[in-house]
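Here the structure comes first, spelled out in structure tokens, and everything after it is commentary.
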Amino acid sequence: MLDQKLIRENPASVEKNLSLRGKVFKISHVHELTIKKREIDTEISILQSESKKLSKLIGQEISRSQNNDSLELKNLKKKGNDYRIKISEFEEKQRTLNKQINNEISNLPNFPSKDAPIGKDESNNVQVKTWGDPILKENVKSHWEIGERLNLFESVKSTKISKSRFITLIGNGARLERALINFMLDIHSKNGYLELIPPALVNSDSLLGSGQLPKFSNESFKCSNDDLWLSPTAEVPLTSFHRNEIIDPKLLPIKYVAYSPCFRREAGSYGRDTKGLIRLHQFNKVELYWFSDPSKSLTAHEQITADAESILQKLNLPYRLIDICTGDLGFSSSRTFDLEVWLPSSKCYREISSCSNCLDFQARRSSIRTKIDKKNTYIHTLNGSGLAIGRTMAAILENGLQTDGSVKIPDALVPYFGSNLIKCN
RNA sequence: GGAGAGGUGGCUGAGUGGUCGAAAGCGAACGACUCGAAAUCGUUUAAUAGGCAACUAUUCGUGGGUUCGAAUCCCACCCUCUCCGCCA
């Protein structure tokens, strides 16, 4: 959520900042509404003040005179009634205005950071660095072919259970998934993150707080009988874990690592990544999350990204770091570094982690503050996948494929998986 | 799902129509006493919006309503707790 005061006082700078996203944002309408609201607020405040004084006077009058039916009292009450009617008229207007303003502002995305590369879409993203040596061989089997051959997962049967884009993990596939989750949780815990397993169902306020609602209701699954949604990412429950709180500054930064299943409708992605583990309606993810002192979120952003990278390095998976350009930034983010892992079969890097600094955007939506110099100040929130489990498995299968069709398990994962090889039957 | 109880400031908890934004206690901060500390005493101690400030307004789960005036009365909803039932 952008600062309403800023919209009211400096609409030009708001439009200018938003336009970095490569689209035109017209905020003149909200701007007018905020000014109107301000006038009405003042008007109401004055009326209430007078009405309050009058009520006190009536109270004093009654206790003094004992005559509850005097003409004077009747006149005073009549006057008070006039106030009440007038005030309720203004309040009606105020309610409508508030609704309109909230609607419009909660649909506005965060400002891109000044440090983010300027660009229109993903083609303008900037590669910052690469790590490891990508395998460049012809005819490398895709991870779904490998998985099918080794009987690690099953998608056709899963459409019976649910529909397309769901998967059932089997045997070593299930075990590898479990090993990856434990491995990542352990590493991050050792690095100072507190482990959480949050609810997988979240209410509308939670989705609003982290920025998935109101704009992206189409991208999450909704429970029809309740105000509950299947959480698309642990970022949602983690943000709301501290919603409506004022956090003791001594506790900052708060760092959480959370395992959670993630559910996404993937509307509009028909025909893309239809096979394998890359794009599913349900997938597992280990998420990193920081509540940071506002003055320290830039270094926090570097740290959270490095923490996500450390998993790829320990698994010895080649990857690159991408600085997302202003036009490709997610709704709540001011700056995002994507980690993309090398997939030999498609000879390209695929997103496996997204590390974002949302500054005070989510904190304002969720009302999460801390005391700085005795003033309540919105904290900064950062999130990063550390990592998406399914995509990590895909990368391990393709990068670890041996000439005999077996798959080598990265050394660091062996203690978790219990074997250094997935053999062909 | 059935029956009951309840949601008040950082916490405990009083308050059933009129200076109640709210007693009291705890906690916290500051000061006095002390070489220092404990104890004691004194003062202070909610948030939000607007304003440079004085101040004004709002907020007693949420949203409506009654009234000149609502923490207090009415309606709806949400949540929590206890017991029973069901259940991993």
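Just so you know, these numbers use all the heavy atoms, side chains as well, and skip hydrogens, waters and symmetry mates. Letters A, B, ... are given to chains in the order of the sequence lines, protein chains preceding strands, and every chain is numbered from 1.
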Pairing nucleotide - [N], Watson-Crick or G-U, each distance under 3.5 Å:
| N | answer |
| --- | --- |
| rG6(B) | rC79(B) |
| rU34(B) | none |
| rA39(B) | none |
| rA28(B) | rU44(B) |
| rG1(B) | rC84(B) |
| rU56(B) | rA49(B) |
| rU72(B) | none |

Please give the distance between the [atom1] atoms of [N] and [M] as a whole number of Å.
| N | M | atom1 | result |
| --- | --- | --- | --- |
| rU66(B) | rC11(B) | C1' | 35 Å |
| rU34(B) | rC20(B) | P | 40 Å |
| rC55(B) | rU45(B) | P | 13 Å |
| rG4(B) | rC77(B) | P | 16 Å |
| rG25(B) | rU8(B) | C1' | 15 Å |
| rA46(B) | rA22(B) | C1' | 12 Å |
| rU80(B) | rC30(B) | C1' | 38 Å |
| rG9(B) | rA71(B) | P | 14 Å |

Please determine if a side-chain N or O atom of [X] lies less than 4.0 Å away from the OP1 or OP2 oxygen of [N].
| X | N | answer |
| --- | --- | --- |
| S45(A) | rU56(B) | no |
| R369(A) | rA47(B) | no |
| K371(A) | rA47(B) | yes |
| R84(A) | rG69(B) | yes |

Length of the line joining [X]:[atom1] and [N]:[atom2], which is rounded to integer Å:
| X | N | atom1 | atom2 | value |
| --- | --- | --- | --- | --- |
| I46(A) | rG50(B) | CD1 | P | 16 Å |
| I62(A) | rU67(B) | CD1 | P | 15 Å |
| D41(A) | rU48(B) | CG | P | 16 Å |
| L57(A) | rC68(B) | CG | P | 15 Å |
| I87(A) | rC68(B) | CD1 | C1' | 11 Å |
| D227(A) | rC79(B) | CG | C1' | 13 Å |
| R243(A) | rU62(B) | CZ | C1' | 14 Å |
| N102(A) | rA49(B) | CG | P | 13 Å |

Along RNA chain B (nearest heavy atom to each residue), the more 5'-positioned of D82(A) and E92(A):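 Upstream on the strand: E92(A).
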Nearest-nucleotide comparison on RNA chain B, the residue closer to the 5′ end among R95(A) and K53(A):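 Nearest nucleotide further toward 5': that of K53(A).
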Salt-bridge criterion met for K78(A) and D82(A) (N-O under 4.0 Å):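 Yes, K78(A) and D82(A) are salt-bridged.
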Sidechain N-carboxylate O distance under 4.0 Å for R350(A), E340(A):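 Salt bridge absent between R350(A) and E340(A).
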Given rG51(B), rU19(B), rU58(B), the nucleotide with the shortest approach to the side chain of K52(A):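 Of the candidates, rU58(B) comes closest.
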Candidate nucleotides rU48(B), rC68(B), rU56(B), ranked by approach to the side chain of N376(A) - the nearest: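 Within the option list, the nearest is rU48(B).
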So what does [X] hit on the nucleic acid, given a heavy-atom distance under 4.0 Å: a base, only sugar-phosphate, or nothing?
| X | value |
| --- | --- |
| I58(A) | base |
| G80(A) | sugar-phosphate |
| S49(A) | sugar-phosphate |

Distance under 6.0 Å and angle within 45° of ring axis: R175(A) vs F417(A):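 Here R175(A) passes the 6.0 Å and 45° test against F417(A).
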N103(A) backbone acceptor or donor facing S106(A) side chain under 3.5 Å: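 Yes; at least one donor-acceptor contact below 3.5 Å.
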Whether R264(A) side chain and P232(A) backbone form a donor-acceptor pair below 3.5 Å: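 Side chain of R264(A) to backbone of P232(A): a pair is present.
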Donor on one side chain, acceptor on other, S345(A) and K141(A), under 3.5 Å: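 No, no side-chain donor-acceptor pair sits under 3.5 Å.
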Sole candidate of F291(A), Y289(A), W290(A) that passes ring pair (Phe, Tyr, Trp, His ring centres under 6.0 Å) when paired with H242(A):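 For H242(A), the ring pair (Phe, Tyr, Trp, His ring centres under 6.0 Å) check succeeds only for F291(A).
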Candidate list D360(A), N357(A), T381(A), test side chain to side chain donor-acceptor pair (under 3.5 Å), partner S297(A), passing option: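 When D360(A), N357(A), T381(A) are each tested with S297(A), the side chain to side chain donor-acceptor pair (under 3.5 Å) holds only for N357(A).
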